[in-house]
2 protein chains.
Amino acid sequence: MGRRIRTFNRTAADAPVSAGGELPIDASFLESLLGYNARRAALTIIEAFLERMSVYGLRPVDFSVLSLITHNPGITSRQLCAALGILPPNLVKLIADLDKRGLLLRKPHPEDGRAIGLYLSADGKKLMREAEAAACDLENRVSSPLSADERATLMRLLRKIYQPDPSAPDTASGSTP
Amino acid sequence: MGRRIRTFNRTAADAPVSAGGELPIDASFLESLLGYNARRAALTIIEAFLERMSVYGLRPVDFSVLSLITHNPGITSRQLCAALGILPPNLVKLIADLDKRGLLLRKPHPEDGRAIGLYLSADGKKLMREAEAAACDLENRVSSPLSADERATLMRLLRKIYQPDPSAPDTASGSTP
DNA sequence: TATTGTTATACTCTATAACTATA
DNA sequence: TATAGTTATAGAGTATAACAATA
């Protein structure tokens, strides 16, 4: 409870309740920025995710890795790094820890002697069945303030931000010197 | 360029271009999650923000702090911490660095001898006029894939996620054991 | 006794360089 | 020579405990 949060733009969720008698802070400029609102929403969801997945001993990054292994058996560390934007040195301990927990099988790649294919063990499969179900349950919970249509619209608009249609005209003055 | 990114769910933006001949990775489960999409969008915007603000020597957190001081002259460290979710010990160096750059004035609080009111210096005001204009320019750029209506809808739906209307019924099964 | 601002410190996350073994 | 996986390490970012001055 009262988990402490990252920086950037955040308004007081768990601020130590003030002694009182202070004027409210004007954060309207920050609140007019898309980045502020996107980050607030992402942090809200990720915080719920952290809490929901802690039962399984999985951080978001662990879940992401295991989910990719689940749906891509034999995937290599290099491919995980590319797909998740993790740097190779930082994946080593993560994989080693999941391996120590008996969730993984590591088999030498049949064609490339340098690579190691990653698979879920029986325990790993069992854990991920539960964890992915929990993720779906959480998904319903965090999107409960939205109608089904609104949820679909939100997904679509978010994708337009990070995967802008290259054929669409760029209406803004965007210059990057 | 080639900035390295945080963890959680990310698909390869700057993945080292593969040797080739590999099957594409199935990330459809991750891509079905609202948190994944919200984080991807937030990171896209924040990355553009980092780049745009680097001319001013401001990280997002510096910009946030200076913006709050701009619109709340005399604000205290404690209030900044509450508004931005920063822990007091972590704000000390941030404020000290902005002060060293001559962007701030620190005046003892007239009523509370423990507190220090924060103000922008003339240089700070000049910098923030430019930086907030740049933030508005960036805002137009990142939201350029969206129509004005879509941008407003996105803002509204994001706020519904992190500021759910308490009077609305919670349709989900949300249990947190 | 509680709060503001601070120091010291630790832990996590992210990043770079360099090694090894294979290709 | 280039790539997959690894080691060691450095730097952010974030966290807690404890202190002095003030309320």
Side-chain angles (χ1 to χ4, degrees), chain A residues 1-10 13-22 39 43 46-47 50 59-62 64-65 74-97 99 104 106-118, chain B residues 1-10 13-22 39 43 46-47 50 54 59-62 64-65 74-82 84-97 99 104 106-118:
Chain A
M1 204 56 93
R3 187 195 309 291
R4 232 54 191 119
I5 329 258
R6 291 111 231 141
T7 62
F8 197 47
N9 307 327
R10 230 51 224 334
D14 47 358
V17 179
S18 154
E22 283 149 357
R39 181 152 216 267
L43 286 178
I46 290 167
E47 195 157 1
L50 277 165
R59 298 162 302 167
V61 66
D62 299 315
S64 299
V65 163
I75 192 172
T76 67
S77 287
R78 208 216 99 245
Q79 291 176 302
L80 285 172
C81 286
L84 296 173
I86 302 171
L87 292 170
N90 299 331
L91 189 61
V92 173
K93 184 172 184 304
L94 196 159
I95 295 287
D97 288 347
D99 192 26
L104 297 183
R106 312 171 78 170
K107 304 182 192 173
H109 193 287
E111 297 158 23
D112 188 336
R114 299 167 299 181
I116 299 167
L118 298 169
Chain B
M1 82 184 62
R3 188 194 308 288
R4 232 54 191 120
I5 330 258
R6 292 111 232 137
T7 63
F8 199 48
N9 307 327
R10 233 44 229 332
D14 47 358
V17 178
S18 155
E22 282 149 0
R39 181 153 214 266
L43 285 178
I46 290 166
E47 194 158 2
L50 277 165
S54 64
R59 298 163 299 168
V61 67
D62 299 314
S64 300
V65 164
I75 192 172
T76 66
S77 287
R78 206 216 100 246
Q79 291 175 302
L80 285 172
C81 285
L84 296 173
I86 300 172
L87 292 170
N90 299 331
L91 189 63
V92 174
K93 184 172 185 303
L94 196 159
I95 295 287
D97 289 346
D99 193 25
L104 297 183
R106 313 173 75 170
K107 305 183 192 171
H109 193 287
E111 297 158 23
D112 188 336
R114 299 166 299 180
I116 300 168
L118 297 169

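Reminder, nothing fancy here: chain letters follow the sequence lines and each chain counts from 1.
- In this structure B/D99 satisfies the side-chain hydrogen bond (donor to acceptor under 3.5 Å, both in side chains) test with no other residue, sequence neighbours excluded.
- Taken to the nearest 0.5 Å, the CZ atom of A/R78 stands 12.0 Å off from the CG atom of A/L91.
- Rounded to the nearest 0.5 angstrom, A/H109 NE2 and A/L118 CG are separated by 10.5 Å.
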Protein-nucleotides 17-19 of chain D N/O pairs closer than 3.5 Å?
none

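- With a 4.5 Å cut-off on side-chain heavy atoms, A/L87 and A/C81 do not count as touching.
- Here D/dT6 presents its C1' atom at 16 Å from CG of A/L80, a figure rounded to the nearest Å.
- Straight-line distance from the CG atom of A/L87 to the P atom of D/dA8: 18 Å, rounded to whole Å.
- In this entry the distance linking CG of A/L91 with P of D/dT6 reads 8 Å, nearest Å.
- Atom CG of A/L84 is separated from atom P of C/dC13 by 15 Å (rounded to the nearest Å).
- Within 4.0 Å of A/I116, counting heavy atoms only, lie sugar-phosphate atoms of the nucleic acid but no base atom.
- Under the rule for a side-chain hydrogen bond (donor to acceptor under 3.5 Å, both in side chains), the partners of A/R59 that lie at least two apart in sequence or sit in another chain are A/D62.
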What does the list of N/O pairs under 3.5 Å between the protein and nucleotides 19-23 of chain C look like, with a distance for each?
from: C/dA23; atom 1: OP1; to: A/G113; atom 2: N; distance (Å): 2.6

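- One interatomic measurement links the two molecules: CD1 of A/I95 to P of D/dG5, which rounds to 9 Å at whole-angstrom precision.
- Note: CG (B/N90) to P (C/dC11) measures 16 Å, nearest angstrom.
- For B/R106, the side-chain hydrogen bond (donor to acceptor under 3.5 Å, both in side chains) criterion is met by no residue, not counting sequence neighbours.
- Side-chain contact between B/L80 and B/I86 is absent, with no heavy atoms from C-beta onward closer than 4.5 Å.
- Note that CG of B/L94 is 9.5 Å distant from CG of B/L84, once rounded to the nearest 0.5 Å.
- OP1 or OP2 of C/dT4 has not a single side-chain nitrogen or oxygen of B/R106 nearer than 4.0 Å.
- Summary of the strand contacts: B/A115 and B/V92 both lie near DNA chain C, and taking for each the nucleotide with the nearest heavy atom, the more 5' one is attributed to B/A115.
- Counting to the nearest Å, the P atom of D/dG11 and the CZ atom of B/R59 are 16 Å from each other.
- With sequence neighbours excluded, the residues satisfying salt bridge (charged side-chain N to carboxylate O under 4.0 Å, His left out) with A/D97 are A/K93, A/K100.
- Here C/dT6 presents its P atom at 13 Å from CG of B/D97, a figure rounded to the nearest Å.
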